[in-house]
Structures are given as C-alpha cells and as structure tokens.
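Structure record follows, encoded as structure tokens.
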Amino acid sequence: MTSRRTFQAPKGTRDFYPPQMAARRRIEEVWRRASIDCGFEEIEGPTFEHLDLYTVKSGEGIVSELFSFRRAGGEDDYALRPEFTPTLARMAAAKGASLPLPTKWFAIPTHFRAERPQRGRLREFLQWNVDVIGLGEPDGEVEIIEAAVLALERFGLTPRDVQVRLSHREAIAALLRSLGVGEARVPAAFELLDRFDRLPPDEFARRAGELGLDEGAVARLREAMVIARPMSDGPGAIAAAMGIAAAPLASIEPLQQRLRASELLEWCTFDPSIVRGLAYYKGIVFEVHETGGAERAVAGGGRYDGLISLVGGPDLPACGLGMGDVVLSLVLKDRGLLGEDEGESLLPRPDAFVIALDPEATPRSLAIVRSLRRAGHHARLSHRASRNLGKLLGDASKCRARFAVILDAGASEGRATLKDLASGGQVEVAIANLPAELASRLASGPAE
RNA sequence: GCGACCGUAGCUCAGUUGGUUAGAGCACCGGAUUGUGAUUCCGGACGUCGCGGGUUCGAAUCCCGUCGGUCGCCCCA
C-alpha cells in the first residue's frame, strides 16, 4: 500500500541538494581554514542542552524563541541550541583551572531558533563561532577580527564590500553620562540605542526623554550616533565628527593601535550606533556589515567577561564572534562569489569519465574505473544504455569531467583513448598506464 | 505572536466576465543519425492547479480556513 501523504521540509529549514551542499562546504572550508591559520582549535558540543543553560544567561523571555522539549515520560527540559556561546562557556567552565590561557576555540555548529523566517533569518542555520578565553581588551578582540577578516578576504570580499563596524560600550556610556543620563539608566539607554535606526525619530526622542535627556541632549546624541568614521581616524577626529569631547573616546585608542599593527584598519569603521542588544556585552562590540547596507549583519560579537563564571567556572575574560551562513550567502551571491548557478560550479569535478562504446568493453571499463579510484582519482562511469558517443561525451562534459576515457574495439588489445575535455585533444594510451597517464596530465594541466 | 503579498509540470510562465479532456518554452528520460561534446529527428514521463471546505448546473478562476514561500514588525543571542 502506498501512502498519498506528502511531506515538506519544516518551516525555515533548508534541503541541501548537491549544488547547495557544495556551496555550504565551500563556506565551511573557508571558515575552518581561516580559524586554523589564525591558531584556533575546533570544538563541537551537543545539539541540545538543558533549557536552564539558556535561561540563566538570557532570562525566561528567551524560551519563546527556542525549540524546547521534554522527553515523553521525562522530567528534564531541553532546548535545541539557539547559539553556541553558552555551550562554549560550559565547556570552558568544566575545564576549570586546567584550561590553558589564552584558549582559542572555534566551532561551526547548526543552530535553531523558533523565529518567523525572513530575509537573512531561518530557523536552522550554520554559525561560525570564534572565541578567545583569557585575553583582555583589545588583544582578544583583534584576534577575532583578524580571523573574521581573513575569512571574508578568502571569500573574495574587500573592504569596499564589507566593514567591521565597531564601537565601545564604555565610550558610549561616557557620552550618555555627559549628556545627563544617570548611571542607573545606562543599560536602558543601550537598549534604546540598539534600536536607534529602527525607531521613528519622534519615538526615539520620546524614549530618550524618559531616560533624562532634554531636547538639546537628544539632538546632540542623534548627531553623534549617525556618524561612521574610518577606524584610521584618531579618537580626536572621531570625537570632533560626533560633536563631543575627546575624553569619552579614550577607550578606543588601544584598539586602534592594535588594529593598525595588524594591518586591519582599512576593514574597520567606528560606528557608535553599534551597541548589540545583549545586556551582558561590555567594552568593545562589533558587527560585520555589507557596505551597501542592504542586508542584516553578517556577523556580530563582543566581550562577555563574566559569562563563564555564570555557569560555574572561573572568572575569565572572554570575547567572541558569530557569523551566520544565511546573510553571508546572500552577500556572496549578490557579488557572484558563490558560484553563479547556486553552487553547481562548486561541485567536485571528476578527473575521468569512462565510456564503453563497445558492449564487449563494459566489464573492462569497470576494472578501469576501479583502478583509477584506487589511484586516488575521482572517476565516473556512464550508466547509459546509449552507445551514442556524442551523447556520452555530453554527459562527461555536463558533470564537468576533465578527461574522458573512451573504450572501443581497441580495448580488447589493451588500448583506450584519453580525451582532454577542455582542449578536445586526445591520445591513445595503454589501459595499464591509465592511472599514471591521467595523473601526469592532471598535474601539468591548467589549475582550474 | 502580528501584518502584507504570493502558491498552475522539475524551472519560467500562459490560462478570457467562472464554461468541455489545463497549455507553451526550456529542462528531463529512452532511442535514431553524422560515431567526438553540436545540429536534426522519433518517442516518453510529467500536474488531484499547495491542501481542505464552501458558493455554483459548472471552480485553476469567487469566498473561508489551513499549510508553505517571500518581505516587514516583535526579537535579534
């Protein structure tokens, strides 16, 4: 009995067919290589955690954004991980005093959030996490920014395509205090600033007023928030552009010096409107944005000193970054940097495509494919019934094979035709020598 | 959780004020031919018009619901 029932992938999830999977592997590979080259070590944790791990960090309000569950008959609440930082903090805490400092870890896990899908946001996604434990400001931040920039660079992006937009919560807090915001209201002011560009101007002014800012102060704050200056500008120049005294910006100077030394300045912009929503961030905060401003943030991060002790570990400074695959893919596709055809061109190319024209040669073609594979070549076989050479070569060309091995009547005498599908040239070779012939031609041929 | 727009073949779409058996191009599969990636030709599969209900003599078309997609809001770790 066959079922007529059909199934769809759950809302906000993706099916990765071979081309999409090739694009995904490409992204993961760049992330992984950039991390390793920067001295980070790969880790992974469970796909789900105790629900408490997330509520202790983010409050009960987070539960509505989670996929949480309880095993039938069980008593423990779990949640699919919506982010990696709590897992990382837990893993670091579990090592306690034995954790070498600094520790540099990265991970490329899947995450789950029970949100309404929209552009750049899905319910299941990949997020590259890069974290440094045990380094203070700004050394940890620069390690992370360097890894992020290296990856972005390897994707083919330039400082004209994307910028790391940085700010410093201490600098902004100093500004807020100078404008008349009481110390107790600074966290609330951060929340408001996080929504600066999403709120209508009069609504922003009204809420700012509730925090103790008078009309003139709101105007000065607004003026200060909308500037974005190259990070190569000194604190004095940035303060001048913001229309404020230089003193509050003193805290960004060490960061600038380190970025200059690491030759990262051209990738970085000072943007006071970057505050990040999370209450636990302190100090330097940053997001990677496409310069056109069309997409959501490609990545975000900051310092979260105190989080590891919150989950029972030692009190260690830490900072990190998360880069999601969804917005990144949009940015790369917009620029043709992820294969024009949804990843089709990123599929692995066969070294050889074996065609048996003569029915007698079919068993021999199986042995040839086996010998090529044992020699480390990516070899494929035609499973088509047709003996139409044109069609078979078309198949070879369609799967982007580099060479075709054609077996005709000569195969019984141990000979085959090796055809270079890029140049069209072909030679007759002894079947016994095929793996070696292919290897030398692949080595001498064009790189791509 | 809230709102807007959209769902016809694998893809892009057509389908008259509601009217017989829902169409085209491309793609796909099998084959023929010139045996070398092309061209041409023959043949094939292909849809419960997202799903369910309602109105009607009659629904792809109108109404309601639902599921999904897209884009916003909330949130953004």
Side-chain angles (χ1 to χ4, degrees), chain A residues 4-15 17 49 53-59 61-66 79-89 109 111-123 125 127 129 131 191 194-195 197-200 203 274-281 285 287 294-302 304 307 320-324 326-327 330 341-342 344 353 355-358 382-409 417-427:
Chain A
R4 286 185 167 276
R5 184 163 171 206
T6 59
F7 294 92
Q8 294 168 310
K11 184 203 295 277
T13 64
R14 292 169 289 179
D15 292 327
Y17 291 95
E49 291 274 7
L53 183 65
Y54 302 115
T55 55
V56 74
K57 177 197 157 207
S58 307
I62 195 71
V63 176
S64 65
E65 306 290 332
L66 299 177
L80 296 180
R81 62 182 171 205
E83 58 166 329
F84 192 68
T85 309
T87 297
L88 176 127
H111 297 282
F112 308 86
R113 296 180 185 174
E115 301 179 292
R116 191 76 184 267
Q118 50 189 295
R119 186 171 179 85
R121 301 178 72 177
L122 296 173
R123 289 185 156 191
F125 57 95
Q127 193 183 72
N129 281 258
D131 294 273
E191 264 182 60
D194 188 40
R195 309 182 58 196
D197 47 9
R198 296 197 295 267
L199 285 176
E203 178 69 10
I274 301 292
V275 287
R276 308 289 293 156
L278 245 15
Y280 67 76
Y281 276 126
V285 286
E287 293 179 358
E295 306 289 355
R296 293 167 190 283
V298 174
Y304 51 89
L307 186 59
L321 160 142
M323 183 182 294
V326 182
V327 176
L330 290 170
D341 35 21
E342 291 289 313
E344 197 85 39
F353 188 91
I355 294 167
L357 278 185
D358 188 330
S382 174
H383 291 283
R384 219 196 252 270
S386 170
R387 305 289 171 191
N388 181 330
L389 183 54
K391 248 183 203 190
L392 294 168
L393 285 171
D395 289 344
S397 162
K398 229 173 289 173
C399 68
R400 304 172 63 248
R402 294 167 195 273
F403 287 87
V405 175
I406 303 165
L407 302 175
D408 52 19
T417 301
L418 185 60
K419 181 184 177 72
D420 183 330
L421 289 166
S423 69
Q426 58 187 54
V427 290

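Convention: sequence-line order gives letters A, B, ...; per-chain numbering from 1. Scope of the values below: all heavy atoms of this structure, side chains included, with no hydrogens, waters or symmetry mates.
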*asked:* Distance criterion of 3.5 Å, no angle test: do you see the side chain of A:Arg121 paired donor-to-acceptor with the base of B:C75?
replied: yes
*Which residues satisfy the salt bridge (Lys or Arg N to Asp or Glu O under 4.0 Å) test with A:Glu65, sequence neighbours excluded?*
none
*Nucleotide B:C73, atom P - distance to CG of A:Asp194 in whole Å*: 13 Å
For nucleotides 33-37 of chain B, which of its nitrogen or oxygen atoms have a protein nitrogen or oxygen under 3.5 Å away, and what is each distance?
unit_1, atom_1, unit_2, atom_2, d
B:U33, O4, A:Asn388, ND2, 2.2
B:U36, O2, A:Lys419, NZ, 2.8
B:U36, O2, A:Gln426, OE1, 3.2
B:U36, N3, A:Gln426, OE1, 3.0
B:U36, N3, A:Gln426, NE2, 3.4
B:U36, O4, A:Gln426, NE2, 3.2
B:G37, O6, A:Leu421, O, 2.9
B:G37, N1, A:Leu421, O, 2.5
B:G37, N2, A:Ser397, OG, 2.9

_Please give the distance between the C1' atoms of B:U55 and B:C67 as a whole number of Å._
23 Å
*d(CG, A:Asp15; P, B:G10) in whole Å*: 16 Å
*Take atom CZ of A:Arg195 and atom C1' of B:C73, then tell me their distance rounded to the nearest Å.*
10 Å
*asked:* Which is it for B:G35, anti or syn, if anything within 90° of zero counts as syn?
replied: syn
*Check side-chain hydrogen bond (donor to acceptor under 3.5 Å, both in side chains) between A:Arg113 and all other residues, then give those that pass, not counting sequence neighbours.*
none
_Both A:Ala114 and A:Pro10 contact RNA chain B. Which one's nearest nucleotide lies toward the 5' end?_
A:Pro10
*In dot-bracket, 5' to 3', how would RNA chain B read with Watson-Crick or G-U wobble pairs under 3.5 Å, [ ] for crossing ones and | for pairs to another strand?*
(((((((..((((.....[...)))).(((((.......))))).....(((((..]....))))))))))))....
*Can you list the residues that meet the side-chain hydrogen bond (donor to acceptor under 3.5 Å, both in side chains) rule with A:Glu287, with sequence neighbours excluded?*
A:Arg276, A:His289
*asked:* Measuring to OP1 and OP2 of B:U70, would you say a side-chain N or O of A:Arg116 lies under 4.0 angstrom away?
replied: no
*Separation of B:A77 C1' from A:Leu122 CG (nearest whole Å)*: 16 Å
_Non-hydrogen atoms of A:Phe353 and A:Cys399 that approach each other most closely_ = CD1-SG, 3.8 Å
*asked:* Quick check for you: among B:C2, B:A77, B:C74, whose closest atom lies nearest to any side-chain atom of A:Arg198?
replied: B:C74
*Answer with yes or no whether A:Arg276 presents, from its side chain, a donor or acceptor under 3.5 Å of a partner atom in the base of B:A77.*
no
*Looking for any heavy atom pair under 4.0 Å, which part of the strands does A:Gly12 touch: base, sugar-phosphate only, or nothing?*
sugar-phosphate
_Protein-nucleotide distance (A:Glu295, atom CD; B:G72, atom C1'), rounded to Å_ = 14 Å
*Using the P atoms only, state how far B:C5 lies from B:C75, rounded to an integer number of Å.*
24 Å
*Return the value, rounded to whole Å, for the distance between atom CD1 of A:Ile62 and atom P of B:G1.*
16 Å
_Spacing of the C1' atoms in B:C57 and B:G47 (rounded, Å)_ = 26 Å
*What is the minimum heavy-atom distance between A:Ala422 and A:Asp420, and which atoms define it?*
N-OD1, 2.9 Å
_Residue-phosphate contact under 4.0 Å: A:Gln118 side-chain N/O, B:G72 OP1/OP2_ = yes
_Considering all heavy atoms, the nearest A:Gly12-A:Pro117 contact_ = CA-CG, 3.8 Å
*Sticking with atom P, work out how far B:G10 lies from B:C28, rounded to a whole angstrom.*
15 Å
_Atom of A:Ala299, atom of A:Leu321 and distance for their closest heavy-atom approach_ = CB-CD1, 4.1 Å
*Value in whole Å for how far the P atom of B:A77 lies from CD of A:Glu65*: 11 Å
*Relative to the 5' end of RNA chain B, which residue comes earlier, A:Lys11 or A:Gln127, by the nucleotide with the nearest heavy atom?*
A:Lys11
*Considering only the C1' atoms, how many Å lie between B:A59 and B:G50, rounded to the nearest integer?*
16 Å
*To the nearest Å, how far apart are A:Phe125 CZ and B:C75 C1'?*
13 Å
_Could you report the tightest heavy-atom contact between A:Pro109 and A:Phe84, atom names first, then the distance?_
CG-CD1, 3.6 Å
*Any side-chain donor near an acceptor of the partner, A:Gln127 and A:Arg81, under 3.5 Å*: no
_C1' gap between B:G7 and B:U48, integer Å_ = 16 Å
*Looking only at non-hydrogen atoms, find the nearest pair between A:Leu53 and A:Thr87 and report the distance.*
CD2-N, 4.0 Å
*Using atom C1' of each nucleotide, how far apart are B:C49 and B:C6 to the nearest Å?*
15 Å
*Apply side chain to side chain contact (heavy atoms under 4.5 Å, CB included) to A:Pro200 and list each qualifying residue two or more places apart in sequence or on a separate chain.*
A:Asp202, A:Glu203
*Say you pick atom C1' in B:G58 and the same atom in B:U17; how far apart are they, in whole Å?*
15 Å
